[in-house]
Engineer: 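Have a look at this one before I ask anything.
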Number of protein chains: 4
Amino acid sequence: MRSDAARLAVLTATAALFEERGYDQLTIEGIAARAQVGKQTVYRWWPSKGAIIAECLLEGLVLPETFTPPDTGDLRADFMTWVERIFRVLEQQRGQDLLRSLIAAAAEHPDVGRRLRDALAAEASFVRRLRSAADADQVSPDVPLLELGEALAGTIVLRALSREPIEPATAGRLFDAVLAARHPLDPPR
Amino acid sequence: MRSDAARLAVLTATAALFEERGYDQLTIEGIAARAQVGKQTVYRWWPSKGAIIAECLLEGLVLPETFTPPDTGDLRADFMTWVERIFRVLEQQRGQDLLRSLIAAAAEHPDVGRRLRDALAAEASFVRRLRSAADADQVSPDVPLLELGEALAGTIVLRALSREPIEPATAGRLFDAVLAARHPLDPPR
Amino acid sequence: MRSDAARLAVLTATAALFEERGYDQLTIEGIAARAQVGKQTVYRWWPSKGAIIAECLLEGLVLPETFTPPDTGDLRADFMTWVERIFRVLEQQRGQDLLRSLIAAAAEHPDVGRRLRDALAAEASFVRRLRSAADADQVSPDVPLLELGEALAGTIVLRALSREPIEPATAGRLFDAVLAARHPLDPPR
Amino acid sequence: MRSDAARLAVLTATAALFEERGYDQLTIEGIAARAQVGKQTVYRWWPSKGAIIAECLLEGLVLPETFTPPDTGDLRADFMTWVERIFRVLEQQRGQDLLRSLIAAAAEHPDVGRRLRDALAAEASFVRRLRSAADADQVSPDVPLLELGEALAGTIVLRALSREPIEPATAGRLFDAVLAARHPLDPPR
DNA sequence: GGCTAATCGAGACGGTACGTCCCGTCTTTAG
DNA sequence: CTAAAGACGGGACGTACCGTCTCGATTAGCC
């Protein structure tokens with residue numbers, strides 16, 4: 001029977017080391033040492049360090065909660081706020097490194113990839129906000145919400161990979177290009 | 001064997017191994033052995049395996065040329081052709097692995113990241129086609145071409161990371177959402 | 001499964017594994033698995049694998065009975081027969097390995113050492129034959145039987161350790177050197 | 001090209017650890033650490049810890065030199081001196097442990113076995129003394145010197161394994177049984 | 001055209017981490 | 001309520017590469 005103490009120790013140790021040193025400095029040996037756990041205990045339950053990170057993501061031990069957008073009723077403003085929040089994280093070296101580390105983990109571990117997409121481009125993210133806008137008839141119903149969300153998240157990922165900073169203006173331009181025509185900008189009335 | 005021969009041997013060996021085994025199975029020791037080159041010779045010229053891959057990308061030894069879109073005059077058709085070509089590569093395990101390997105390389109090596117963005121989302125890609133469309137007044141001039149290109153490329157990257165296949169319909173929906181309103185749909189005839 | 005059954009299961013499993021793989025491939029984990037017994041059950045009754053082997057020896061589960069010499073009345077012939085029997089075992093890889101395994105076990109476990117000496121150089125072995133010869137006045141009474149037995153057994157052990165085969169001629173020479181002068185049996189002349 | 005510094009560091013570290021902790025506490029990892037050498041360097045040149053010990057023996061880094069007997073002309077006295085010297089070593093726990101460690105090493109590594117036999121029962125030992133006696137016609141020429149040497153050494157080995165102390169009297173009795181009749185020198189009558 | 005310095009291949013070096021096997025102890029569960 | 005099953009923290013195994021460091025053996029280009 002599995003020991004919950006060991007499981008938690010491994011996950012928190014992993015989250016800590018991941019934040020401190022990044023994905024490719026992460027070491028199963030290091031995790032076991034930090035968690036005061038035998039290496040075999042790690043290998044018994046996880047096939048790879050990617051799998052551990054995936055579980056950390058699932059438990060919310062890695063990604064900050066800031067990534068969920070507000071909902072003030074003004075879709076564009078909410079979008080800008082959301083983008084700005086993300087930027088505030090990505091402006092710091094630490095934030096970029098964390099995202100890139102996640103991307104690296106995702107590249108070699110399917111589960112991490114799925115969770116990353118969930119976190120950035122699915123229900124947990126701006127897509128939810130978009131959907132609520134659609135429900136409130138602020139956005140034309142034929143807008144492919146999920147695809148748009150992915151496009152926005154994809155932009156962020158690509159920028160993180162190329163180390164190209166995104167300016168707020170860029171974000172605004174993108175939003176307008178993508179949505180301006182599709183939602184009655186200033187609520188009609 | 002003189003320097004330039006060695007350089008080429010290293011690059012082709014790297015490209016071959018990269019395609020065969022992927023980025024994280026790539027080792028400098030393996031590259032040197034395959035290239036029949038001393039390890040020191042590799043270290044003399046490249047600081048890391050990421051740098052070698054970046055140079056391979058630059059020399060076109062890694063990414064297929066298929067990624068450049070056609071230009072038939074019909075923007076939407078060209079887009080669909082481009083997407084379809086990319087999909088045909090990504091449908092195969094090998095293609096997905098290659099892209100993910102590139103992403104992993106990009107995550108830990110800035111140069112690779114830049115080149116990847118160049119290849120997918122800049123002049124070498126659909127963005128060029130978009131620009132030519134803009135030049136021909138097929139697209140309204142205030143459309144932020146680069147951002148759109150990144151959004152499209154970002155979608156592809158995110159899908160590769162999450163192992164979520166993209167269906168052509170998805171691509172069409174996205175294109176329409178992003179551009180339909182912005183270019184006089186089917187050219188006025 | 002109740003205690004005595006477990007005890008026997010452990011001992012027979014140990015003897016089998018010992019014969020199959022030798023002393024240093026022997027593991028408590030392997031014994032427990034083979035015996036279908038919990039590891040704890042093994043540790044409850046024996047402090048080490050050496051102790052288990054010692055008990056196997058005691059139960060006669062390990063050493064073949066061939067090691068007891070015949071008694072035909074002709075001391076030298078009996079000796080040669082005994083030596084030859086031992087050789088026939090030691091000629092095979094398996095036999096040498098078994099003896100060396102026993103020696104290894106003896107080196108790290110006193111009990112095994114004692115039993116090994118008992119089996120090779122004490123009452124259970126040629127010493128008994130020597131003693132019967134002494135009783136029958138075939139050997140001068142001041143011959144130190146035990147010491148001679150040890151010398152003979154020691155030779156065998158040393159040969160097993162050095163992987164130097166013993167030829168029958170060698171054995172005969174040794175016997176003559178050690179005993180010829182001391183027992184009148186050999187036709188006087 | 002092999003580094004002699006590394007080789008020596010490994011051998012002296014091994015000899016030290018062997019003497020301190022015995023054969024089965026000896027660890028390749030420990031040797032490498034003590035020698036300040038990479039583990040791979042050890043594995044590159046030696047297949048097992050037994051092989052390292054064998055080489056230590058060859059270099060005289062392990063066995064004390066005391067094991068060579070004197071040559072005063074009096075064979076029996078020299079023998080007793082030799083035996084006594086060995087006993088003085090074997091009386092101490094350390095000495096017995098060392099011998100048993102050597103035996104354990106010999107049991108699993110042929111080279112060690114050969115060297116052990118060389119050291120105890122061949123030219124390096126009392127056999128040489130015996131041979132010089134034979135050369136000086138102090139011992140009848142048909143005495144099988146090597147076999148006798150092995151018998152004596154074998155006794156010592158067996159006693160070490162069984163933890164049975166050897167008293168000097170035992171040694172004398174053995175010597176007399178084996179050689180008294182065969183060398184005319186002493187008993188001039 | 002001969003000398004010398006740089007560069008080459010080869011690969012050993014001190015290390016770090018890998019993933020596996022057992023150790024001896026501790027905990028759970030099924031009979 | 002006992003014993004099998006097996007998870008636990010730990011230590012060592014033997015392997016793969018890391019990045020640095022000699023090695024001789026070619027060159028190459030400057031005298």
Engineer: Hey, does the side chain of Ser101(A) reach the backbone of Tyr23(A) with a donor-acceptor pair shorter than 3.5 angstrom?
Structural biologist: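 Indeed, once roles are kept as given, a pair shorter than 3.5 Å links the two residues.
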
Engineer: Write down the distance between CD1 (Ile52(C)) and C1' (dC23(E)), rounded to a whole number of angstrom.
Structural biologist: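 Checked: the CD1 to C1' distance equals 13 Å.
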
Engineer: In terms of the nearest nucleotide of DNA chain E, which residue is placed more toward the 5' end: Lys49(A) or Ser3(D)?
Structural biologist: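 On the 5' side of the pair lies Ser3(D).
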
Engineer: State which of dC17(F), dG14(E), dT20(E) makes the closest approach to the side chain of Tyr43(A).
Structural biologist: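 Of dC17(F), dG14(E), dT20(E), dT20(E) is nearest to the side chain of Tyr43(A).
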
Engineer: Tell me whether the OP1 or OP2 atom of dA5(F) has a side-chain N or O from Gln36(C) closer than 4.0 Å.
Structural biologist: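 So the side chain of Gln36(C) is within the cut-off, an N or O lying under 4.0 Å from OP1 or OP2 of dA5(F).
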
Engineer: What's the closest nucleotide to the Val37(C) side chain, out of dC8(F), dA4(F), dC18(E)?
Structural biologist: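 Looking only at side-chain atoms, Val37(C) lies closest to dA4(F).
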
Engineer: Decide yes or no, distance alone: a donor-acceptor N/O pair under 3.5 angstrom between the base of dG19(F) and the side-chain of Lys39(B).
Structural biologist: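 Present.
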
Engineer: Please tell me which of Gln40(C) and Gly38(B) maps to the more 5' nucleotide of DNA chain E, matching each residue to the nucleotide holding its nearest heavy atom.
Structural biologist: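 Here Gly38(B) is the residue nearer the 5' end.
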
Engineer: What's the CG-C1' distance between Asp4(B) and dT7(E), to the nearest Å?
Structural biologist: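 Answer to the nearest Å: 14 Å.
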
Engineer: Salt bridge between Arg94(A) and Glu19(A), side-chain N to carboxylate O under 4.0 Å?
Structural biologist: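 Result for this pair is yes, salt bridge flagged.
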
Engineer: Output the single nucleotide from dC8(E), dT25(E), dA17(E) whose closest atom is nearest the side chain of Thr41(B).
Structural biologist: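 Looking only at heavy atoms from C-beta outward on Thr41(B), the closest nucleotide is dC8(E).
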
Engineer: Can you tell me if Trp45(A) touches the phosphate of dG6(F), counting only side-chain N or O atoms and a distance under 4.0 Å to OP1 or OP2?
Structural biologist: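 For dG6(F), OP1/OP2 do not have a side-chain N/O of Trp45(A) under 4.0 Å.
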
Engineer: Do you know which two heavy atoms are closest between Leu161(D) and Arg163(D), and how far apart they sit?
Structural biologist: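 Looking at all heavy atoms of both residues, the shortest contact is O-NH1, 2.8 Å.
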
Engineer: Tell me whether the side-chain N/O atoms of Arg44(B) come closer than 4.0 Å to OP1 or OP2 in dC8(E).
Structural biologist: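 Affirmative; the distance criterion is met.
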
Engineer: Could you walk me through whether Arg115(C) and Asp118(C) pass salt bridge (Lys or Arg N to Asp or Glu O under 4.0 Å), step by step?
Structural biologist: CA-CA 5 Å; Arg115(C) 305 229 187 281; Asp118(C) 286 355; 5.0 Å; no

Engineer: Side chain of Arg2(A): nearest nucleotide among dC18(E), dC8(F), dC13(F)?
Structural biologist: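 Given the options dC18(E), dC8(F), dC13(F), the side chain of Arg2(A) is closest to dC8(F).
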
Engineer: Taking 4.0 Å as the cut-off, does a side-chain nitrogen or oxygen of Gln25(B) come that near to OP1 or OP2 on dC17(F)?
Structural biologist: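 Looking at the OP1 and OP2 atoms of dC17(F), neither is under 4.0 Å from any side-chain N or O of Gln25(B).
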
